[in-house]
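See structure below.
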There are 2 protein chains.
Amino acid sequence: MARKRFDDSSCSVARALNEVGDWWSLLIVLQAMYGTRRFVDFQQELGIARNILVDRLCRLVDNDVLRKVDVGEHGPRFEYRLTDKGRDLFPVVIALRQWGDKYNPCPEKPPLDLRDRRTGQPIRQLEVQDAEGNPLSVRDVFVQEDPQDDKKQA
Amino acid sequence: MARKRFDDSSCSVARALNEVGDWWSLLIVLQAMYGTRRFVDFQQELGIARNILVDRLCRLVDNDVLRKVDVGEHGPRFEYRLTDKGRDLFPVVIALRQWGDKYNPCPEKPPLDLRDRRTGQPIRQLEVQDAEGNPLSVRDVFVQEDPQDDKKQA
DNA sequence: GAAATCTGGTTTCATTTCGAAACCTTATTA
DNA sequence: TAATAAGGTTTCGAAATGAAACCAGATTTC
């Protein structure tokens with residue numbers, strides 16, 4: 001892909017977006033979190049063009065977000081399953097979902113109600129927190145400059 | 001834009017990606033969180049083409065993620081500032097950053113060290129939690145079906 | 001055992017989008 | 001008066017996208 005890429009960027013957000021920052025990749029990961037595993041199912045549930053889906057699945061596999069597993073006992077069958085790295089996108093997806101629910105609720109339906117399987121309770125609102133668990137806003141944080149200048153521990 | 005859009009999608013993640021799900025929008029928001037406000041600064045710091053930047057800024061303004069403020073006392077001057085909605089993308093950005101730091105660390109530099117302005121301590125790792133604050137993985141959650149259909153308990 | 005089907009793709013091609021560079025307009029400064 | 005700055009717009013070639021047709025191996029159906 002010839003879009004400007006950021007493989008080399010010193011910003012890890014940019015590098016993360018490099019892997020899952022296009023229109024489809026994160027939706028594919030989301031579908032996978034819902035349990036979708038097979039090519040045709042991704043295709044139908046997302047309504048994505050097949051060639052694009054191939055491209056994205058390959059890229060996600062290359063980036064170790066998904067694993068392609070041959071389950072073909074009768075006929076060609078493959079499954080695309082989340083890796084640990086892929087599952088670790090859970091907070092990203094949840095953060096996006098909560099933001100979407102807050103600012104762009106669907107007028108008809110209520111938002112999807114995600115709950116803890118164990119207790120049946122809704123999950124908590126994600127928030128950025130300080131070391132003690134107090135909520136932090138954008139303005140409450142700063143970037144600690146490279147501590148190698150002043151001799152700090154490693 | 002003629003990419004498949006999801007304005008109508010019942011999935012709030014899809015609707016969120018609709019607003020900030022392209023290559024540049026979230027990076028613009030990130031820059032804004034770092035304090036960038038002016039057109040030329042976004043352009044130079046991100047290395048984005050000017051026409052694309054115009055398009056994305058307009059879209060972010062339309063979607064109420066940024067506000068365009070005329071600060072032109074002498075000559076044309078505008079600032080693009082985060083709205084509350086834009087600032088609420090903070091957890092999304094942090095989730096992406098932490099994921100990127102974990103799986104795609106920059107080999108040379110250490111990751112950006114975000115700290116709490118008040119205490120100087122690093123911020124906490126984001127995690128999805130249940131009502132009591134215990135961590136939840138993808139597999140620990142389920143989608144509560146619309147409770148009006150069947151009278152189920154949790 | 002031949003035909004239709006399912007799965008997981010490729011290929012082709014028209015339409016969009018991207019990115020770079022040139023240009024434009026208003027206003028300020030040298 | 002000329003040069004510069006800010007914030008765009010225009011143009012154009014290159015790349016990505018999406019739809020639909022095609023393909024190939026294996027399998028069920030008749």
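Predicted model only: the values in this text are computed from it and were never measured. Every chain is numbered from 1, with letters handed out A, B, ... down the list of sequences.
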Mind checking if B:Val54 touches a base, just sugar-phosphate, or nothing, with heavy atoms under 4.0 Å?
base
Looking at A:Tyr80, I'd like to know if the NZ or CZ of A:Lys68 sits under 6.0 Å from its six-membered ring centre while staying within 45 degrees of the ring's axis.
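Ring-cation test returns no.
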Can you tell me the distance, in whole Å, between the [atom1] atom of [X] and the [atom2] atom of [N]?
X: B:Leu46; N: C:dG19; atom1: CG; atom2: P; value: 11 Å
X: A:Phe42; N: C:dG9; atom1: CZ; atom2: C1'; value: 15 Å
X: A:Gln43; N: C:dC6; atom1: CD; atom2: C1'; value: 13 Å
X: A:Asn51; N: C:dC13; atom1: CG; atom2: P; value: 14 Å
X: B:Leu53; N: C:dA20; atom1: CG; atom2: C1'; value: 14 Å
X: B:Ile52; N: C:dT16; atom1: CD1; atom2: C1'; value: 11 Å
X: B:Ile28; N: D:dG7; atom1: CD1; atom2: P; value: 14 Å
X: B:Asp22; N: D:dT17; atom1: CG; atom2: C1'; value: 14 Å

Does a side-chain N or O of [X] approach OP1 or OP2 of [N] to a distance below 4.0 Å, or not?
X: B:Trp24; N: C:dG19; value: yes
X: B:Tyr80; N: D:dG8; value: yes
X: A:Arg77; N: C:dG8; value: no
X: A:Arg38; N: C:dC6; value: no
X: A:Arg50; N: D:dA19; value: no

For a quick check under 3.5 Å, do B:Arg67 and B:Thr83 share a side-chain donor-acceptor pair by atom type?
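On atom types as modelled, these side chains do not qualify, holding no pair under 3.5 Å.
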Check: B:Arg115 side chain, A:Phe142 main-chain N or O, donor-acceptor pair, under 3.5 Å
no
Could you check whether A:Glu19 pairs with A:Lys85 (Lys NZ or Arg NE/NH1/NH2 to Asp/Glu carboxylate O, under 4.0 Å)?
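A:Lys85 and A:Glu19: salt-bridged.
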B:Ala49 or A:Val40, whichever maps to the more 5' nucleotide of DNA chain C
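Going by which nucleotide is closer to the 5' end, it is A:Val40.
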From C-beta outward on B:Phe78, which listed nucleotide comes closest to its side chain: D:dG7, D:dT17, D:dA19?
D:dG7
Residue list, salt bridge (charged side-chain N to carboxylate O under 4.0 Å, His left out) with B:Asp130, at least two apart or on another chain
A:Arg118
